[in-house]
Structure formats: C-alpha cells, structure tokens
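Just follow the structure's listing: the first ligand is 1, and inside any ligand the first atom is 1.
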Amino acid sequence: MRIAVLCYASVGGSGVVATELAHALAERGHDVHVLSRERPFRWKSDVRGLSFVQVQMPDYPLFREPQYLLGLTNSIVRLARSQPIDIVHAHYAVPHATAAHLAREMLARGPGSHPPRTVATLHGTDITLVGSGYETVVGYAIEHADAVTAVSASLRDDTIRSLGIGRDIRVIPNFLECSEWRRRPDPELRERICGSHPNRRVLIHVSNFRPVKRVGTVVDVFRRVLEQLDAVLVMVGDGPDRVPLEHDVEAAGLRDRVTFVGEQHDLVSWLSSADVFLLPSSQESFGLAALEAMACEVPVVASRVGGLPEVIEDGVTGFLCPPDAVDLMTARVVDLLSDEAMRIRIGRASAAHVRANFCTHEVVPLYEACYRATLGQGV
Ligand code: GMT
C-alpha cells in the first residue's frame, strides 16, 4: 500500500508511535511518506521505502498565526497529485484528522479521481485536553474519517462520551520493537548515576514535563522515599514544567539527589540503569513511557487513570494507585526498592507481558488490516 503518515515531530508519544509505525510499514514492503514540520525525533533515515516530506508553511508578515492546517493540507494534496496514495493516516486528531479530511475532499473533485482513504488515530490529549477546546471541528473530522482507531479502550470510550461520536472506533494499542526494547544493563551509566554508593536505589521518570504528567508529584514521592532509604531520582525529558521544578528541587536542598538529564536518545540504557519508574499522571490514554520501562524490566508505579490499567495489572506487572495517593505510591516504591526478589519478579513479568501483547509484529498487522478494510479489500 502507499501510505502518507501525518504526525508531530517533537518528542511525544503520538509522534513516536507514528514514526515507529512508518518504519515498520516500510520494512514490511509498503511505500510510506511521513509528513511533518521536521524529521521526527526517532527518525531512521536508512529504511527502504520510507521518505520524509517537510510540511511547508510560507510566511507572510501580515500573519501572526502559523498556517499549519493549510500547509499540511497543501502538502498532502501535492503529494497525492504527484503519485498515487492509498491511505492518509493522521496521528493525533488536532489538526491532522481535519487536514486528512480536507485533502481527501479536494482530491475527490475532478473526473477519474481516486481520493485516498483516511484513517485517524486518536492518542489522548487530542481528545481529553486539546480536543475539548475544538470539539465541533474535531468531532466532525472523526465522524467523517474512513476509519478511526484509538490507542486504548478507555480513550475510545472517552471519545464516544465526550464528543458524542456514534461510529465504530477500533482499539489498536501502542507497541514497541521488542528486539530493541529489552533490558541492557549499562554498568558505567549506573555508576555515573549512583557514584560510589552501590546500594543506592534509582528512581526514574520520563516525560515531556507538561502539567498532565504531574512532575511535582514525582519529586514529592521521591522526597518521602528518601526518608526511608538511600536513593536518587533521574528525570528524563524536557518541557514547560522542567525549569520551575528544577528551582523547587534546588530550594528543597535535593540538588545532589535529583538529576535532570533532558531528552535522551538511548532510553534503553537509562531505563536499564533504573530500579523503579514513576508515572503519577492525571491522565494517560495509554502510557507509552510505562510500556518502554516495562520492556526493560523496570517495575512501574503509576496512576490508575485512562488506559494505564490496560497496560499494567496492579500487583502483577506494576502498581496502580489513585492519582493523588502520594503516600500509597511512596509505600509501593519503598516496597519495590527494599525487596529485590519482588522487584525482579515484577520487572520480568512486565517484560513478558509487553512481549506477549505489545510488540511491533503483533500490532502493526492490526493497522494493515484496518487499511485493507478501509480500501474495501477485506481482512
Ligand atoms: O503524553 C503526552 O503529553 C503526549 C501525547 C502525545 O500525543 O504525544 O501522548 C499521548 O499519546 C501517547 C501515544 O499514544 C500515549 O501513550 C499517552 O498516554 C498520551 N498522553 C496522554 O493521554 C496524556
């Protein structure tokens, strides 16, 4: 199939999933074009059948507002007029599902036209946070896409409830290339993190430091853990809440215990150097960051929100707590850090769960089946 994938390039789950999907589809013999403002964060340039189309947004001094929707729609139409495109796959509804819809409508005009079919994948904040501010246009684009997928049953249900959507939405979970995402201990990095304290324990958090991730709660839990055992906290990623949190950490005298390392390409090494992953988000439609930690055998302590219960089975492949239950999260972390056998058991069960349910080779065929059904080719 000839597929155009629309996604955000910045570090964020939807862009990561779209990029990994594009790689996997190209490796499976499809022609894949990724349309974005920049090359995505996890872009691999050496995959045959994969190409990058930079979305152009011509500037004009009169505009104070970026014309992203127009630029993206224009790029899709231009691409589909230069070569046949079967599927336009929009990742993140705002505004990608609308751009896909507009492009399909434009390409449908004219004699002998073969407009592409459109697929919209909903990722979470495009419905739960951002989408609610654009509900009429987002709802319209979702209703009129040829197929819609959501990354969890929870997000599918939220979409139907909050936007009053009355159509079929397929659930296709996030996934990982399981041959790459596996525990790979890195003793040098572990030593860099712990210094000359071999018994020191390592907590880790990875996110884009937005309010929904509640990075302040990560530090609150860590502070309580520190009262009970020797530990450090590694904060991976970047975003608007990072600098204020760094000031809070400084003011609390925790600078030598909390390290902010920014965005990292080799997440497997960082995760494999950690003992517990903390994810106290207020919302999480899936929790790709949790899945990545689990694949590296790192037990996750997370909020019981959104799609996280579809990823983590409480007490078996991690722990789920009410989002405000800082004391319970602290107790779970302390239990895991002080009981090595439990930590290893839960870490291994987590990785086995990922391998059984969330690997590329299991999930990508679900997208292919969705495309085929959309093209009327059956499954
Ligand atoms: O979590 C974010 O702030 C980024 C956002 C995105 O779209 O990039 O993540 C959402 O999509 C991910 C990939 O499907 C999911 O794993 C995340 O759970 C989801 N985030 C939220 O629902 C808050």
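Of the candidates V17, N208, V305, V212, the one placing a heavy atom closest to atom 4 (C) of ligand 1 is N208. Remark: among candidates S14, A290, S207, the nearest residue to atom 7 (O) of ligand 1 is S14, based on non-hydrogen atoms.
Atoms of ligand 1 found under 4.0 Å from any heavy atom of Y92, numbered from 1 in the order shown, are 7 (O). Ligand-side atoms of ligand 1 in range of L288: 16 (O), range being under 4.0 angstrom from any heavy atom. Counting atoms of ligand 1 from 1 in the listed order, those under 4.0 Å from a heavy atom of G287 are 15 (C), 16 (O), 17 (C), 18 (O). Within ligand 1, counting atoms from 1 as listed, the ones closer than 4.0 Å to a heavy atom of N174 are 13 (C), 14 (O), 15 (C), 16 (O). Every atom of ligand 1 with a heavy atom of K213 under 4.0 Å away is listed here by number and element: 1 (O), 2 (C), 3 (O). The distance from ligand 1 to the heavy atoms of S285 drops below 4.0 Å at these ligand atoms: 15 (C), 17 (C), 18 (O), 19 (C), 21 (C), 22 (O).
Checked against ring-ring contact (aromatic ring centres under 6.0 Å, His included), H144 has the following partners two or more places apart in sequence or in another chain: H101, Y140. Residues passing the ring-ring contact (aromatic ring centres under 6.0 Å, His included) test with H265, sequence neighbours excluded: F41.
Minimum interatomic distance between S75 and Q54 (heavy atoms only, all atoms of both residues): OG-O, 4.4 Å.
Taking only nitrogen or oxygen atoms, main chain and side chain alike, V151 does not reach within less than 3.5 Å of ligand 1. Here's the thing with H123: one of its N/O atoms is less than 3.5 angstrom from an N/O atom of ligand 1. Ligand 1 has no N or O atom lying under 3.5 Å from any N or O atom of G124, backbone or side chain.
When heavy-atom distances to ligand 1 are checked against a 4.0 Å cut-off, E284 comes that close through both its backbone and its side chain.
Taking the charged nitrogens against the carboxylate oxygens, D275 and R200 have no contact shorter than 4.0 Å, which rules out a salt bridge. A salt bridge links D230 to R257: at least one charged side-chain nitrogen sits closer than 4.0 Å to a carboxylate oxygen. Using a 4.0 Å cut-off between charged side-chain N and carboxylate O, D324 and R214 make a salt bridge.
In this pair, Y367 and Y371 present their aromatic rings tilted. The plane angle is within the 30 to 60° band. Taking the six-membered ring where tryptophan is involved, the planes of F358 and F286 are perpendicular, since the angle between them exceeds 60° and thus also 30°.
A distance of 6.0 Å or more separates the ring centres of H91 and H96.
Using a 4.0 angstrom heavy-atom cutoff, H91 does not count as in contact with ligand 1. The closest approach between any non-hydrogen atom of G306 and ligand 1 is not below 4.0 Å.
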